[in-house]
Amino acid sequence: MFRYIVRRLLQMVLTFFGATFIVYALMFANVDDPLQALAGDRPITDSQRAVLEARYHLDDGFFTQYWHYVSGLLTGDFGQSLTGRPISEMLAQAWPVTVRLALFAIVIAAVIAVGAGVLSGIRRGGAFDTATLVLTLLVLAMPIVVLAPLAQLVFGIQLGWFPPTATRDANLYELLLPALVLGTLVVATELRVTRTSVAENLRADYVRTARAKGLAPKRVIGVHVLRNSLIPVITLIGVDIGALMSGAVVTEGVFNIPGVGFNLLRGIRTEDGPLVVGFVSVLVIVFLVINLIVDLLYAALDPRIRYE
Amino acid sequence: MTDIRAHLDALPGVDPRAPLLEVRDLHVEFRTRDGVARAVNGVDLRLNPGETLAVLGESGCGKSVTAQAIMGILDTPPGHVTRGEVRYRGVDLLRLPEADRRKVRANRIAMVFQDALSALNPVYTVGFQLAEQFRMHRGMSRKDAKQRAVELLDQVRIPDARRRVDDYPHQFSGGMRQRVMIAMALALDPEVLIADEPTTALDVTVQAQIMNLLAELQQQRGMGLMLITHDMGVVATVADRIAVMYAGKVVEEAPVHDIYARPAHAYTQALLESIPRLDLKGRPLNVIRGLPPALTDIPSGCAFHPRCTYAREICRLEPPPAYRIAPQRIASCHFVREVLGV
């Protein structure tokens, strides 16, 4: 187990460098004149340009620039955004907002998915199962770029049930609509996986044994089937947490929530290379750590799995 | 502990003189998209305390389905019992409310399954799965129930039971796992034990150990044992009586020695001839030609006639009646005399 974790951590280091390198290269290739982007419409004098180029290492080659960036990153220095703000400060402000939103969304999605998934898995082909099938197809077919503004328009503005935007210190009620919208990204798949898993496990031999032991159906399903069925679902939910944190770009943009996605979106629009790379680097780390935790959780849930 | 027992003894229709277990004219069919599969077509069986009845037959002959119907654990749908009775001490279990029937399971009639690896829940310790029955049926505390689980593992001779009770099924060897399965079935001291191919998934050496253990526990407890198998070698050593099944019917029933000495049904005879024998070494083996019939399309008359060497016109047209050829012997074959050679 310990060796497994160490090996995974080493793999994570490699993945981290690979991912940041690619993102850095993409930003490098994308930006044509970062200094003009920084200055906006104002003209820049040659001397100003020279000073700035030296400060941001812009006159160096690509690899030297990447080296400067990574060495800064490793000492905890994310550098400055082109707007002049330290990126670490922006990260510290944005992350809690996104984490809260993503966790809220995943809790809502998981409760709905597991509850409805178990019910439709037990009564496959029934009215409830058919209804959820249609609904999940609808949700799957509806891209979030459509759903988010639509929900904001209908529930936020026309019906006025929820505030149409949320601030940094939004309470759970204010976050409910964005979290619901964000949750639709994952709820359908989680529900279908739960349903299939329950249906499959209901046919397993150990269920027959449990029934032969004279156990009540409630216990057969609640104890024997559920634990086995949830193994793949929990894995999926874990991976989804990572997906939601990065997938919040649209939702945060629409509902004006100043989280990671919101900043990332702005960074891309203003060609703010350091900002984008900084945020993505942290996203990569979060993603990797969550995946590691999910794998360890998997072993805890299924005693047959032991990591060497 | 006595609550459930007392309740079961007070079930309406309990008759102390009735046979321990009696199956009459049992019909089970599976309704699938491809048609109706008639898995069991009028099975009659009877089991007495302390007796071992072997139910013998090829795969797909309906022996496991019969067992599941007796236990009341058929997958419904698609499986449905369409006719017949399953009487435990005179009480027809098929007409019992589900809540009562659940109490009969494990308390009175228990079952050992074929493949213990898939029949045990992979994510719970064997101790949990054993103790569960004491907690649910006897209302014991977790601690007491676990203590009983250790005792049970001891009884089926699993070494170091106190430590192994916390292991998961996959941590046991095949033989040990089947012992766990047996312990689980015996937990609540049932009167009837149904063992569905209990040794099929095991090595030959381990098979013998498990069969001996089953036989020994049965003797100790005076249980009725219904042993479902396709292995004629296993049958010869432990069974008192044999019921041979073909296409969802019992075609011959007899005390074990009679059947080996003089089979009365053409199918039984063909089965016995298909066993490789040392004294017939070098000669081609008499195998039964063809395959068992598809249950959606069972041949008319005697279901065995397309594969039978005795078959004549009458076999195709008329189902053979059950001939009583001796006090304890029944055979459903038009050519009983010819098969017996009298």
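Keep in mind it's a predicted model, so treat the numbers as computed, not measured.
Most heavy-atom pairs under 4.5 Å with chain A: of the set Gln133(B), Met71(B), Met111(B), this distinction falls to Gln133(B).
No side-chain donor-acceptor contact under 3.5 Å links Lys213(A) to the backbone of Leu130(B). Judged by distance alone, with hydrogens and angles left aside, the side-chain atoms of Tyr124(B) form a donor-acceptor pair with the main-chain N or O of Val223(A) at under 3.5 Å. In terms of modelled atom types and a separation under 3.5 Å, the side chain of Thr209(A) and the main chain of Ala119(B) share a donor-acceptor contact.
Across all non-hydrogen atoms, the minimal contact from Pro122(B) to Pro303(A) is O-CG, 3.3 Å. What you find for Val123(B) and Ile231(A) is that their closest heavy atoms are CG1-CD1, 3.9 Å. When all heavy atoms of Arg102(B) and Gly214(A) are compared, the pair lying nearest together is CG-O, 3.1 Å.
Using a 4.5 Å cut-off between heavy atoms, Gln68(B) contacts chain A through its side chain alone, with no backbone atom that close. If you measure heavy-atom distances from Ile70(B) to chain A, you find no contacts under 4.5 Å at all. Both the backbone and the side chain of Ala212(A) come within contact range of chain B, judged by heavy atoms closer than 4.5 Å. Heavy atoms closer than 4.5 Å to chain A are found in both the backbone and the side chain of Ile73(B). Contacts of Ala216(A) with chain B are made by both backbone and side-chain atoms, with heavy-atom separations under 4.5 Å.
Using a cutoff of 4.0 Å between basic side-chain nitrogens and carboxylate oxygens, Asp75(B) and Arg211(A) are scored as salt-bridged.
Contact residues of residues 113-128 of chain A toward chain B are absent (heavy-atom distance under 4.5 Å). By a heavy-atom distance cut of under 4.5 Å, not one residue of residues 195-202 of chain A is near chain B. Of all residues spanning residues 161-169 of chain B, those with a heavy atom less than 4.5 Å away from chain A's heavy atoms are Tyr168(B), arranged by number.
Counting heavy atoms from C-beta outward, Glu132(B) and His224(A) have side chains that approach closer than 4.5 Å.
Counting only residues at least two apart or in different chains, salt bridge (Lys or Arg N to Asp or Glu O under 4.0 Å) contacts with residues 109-122 of chain A are absent.
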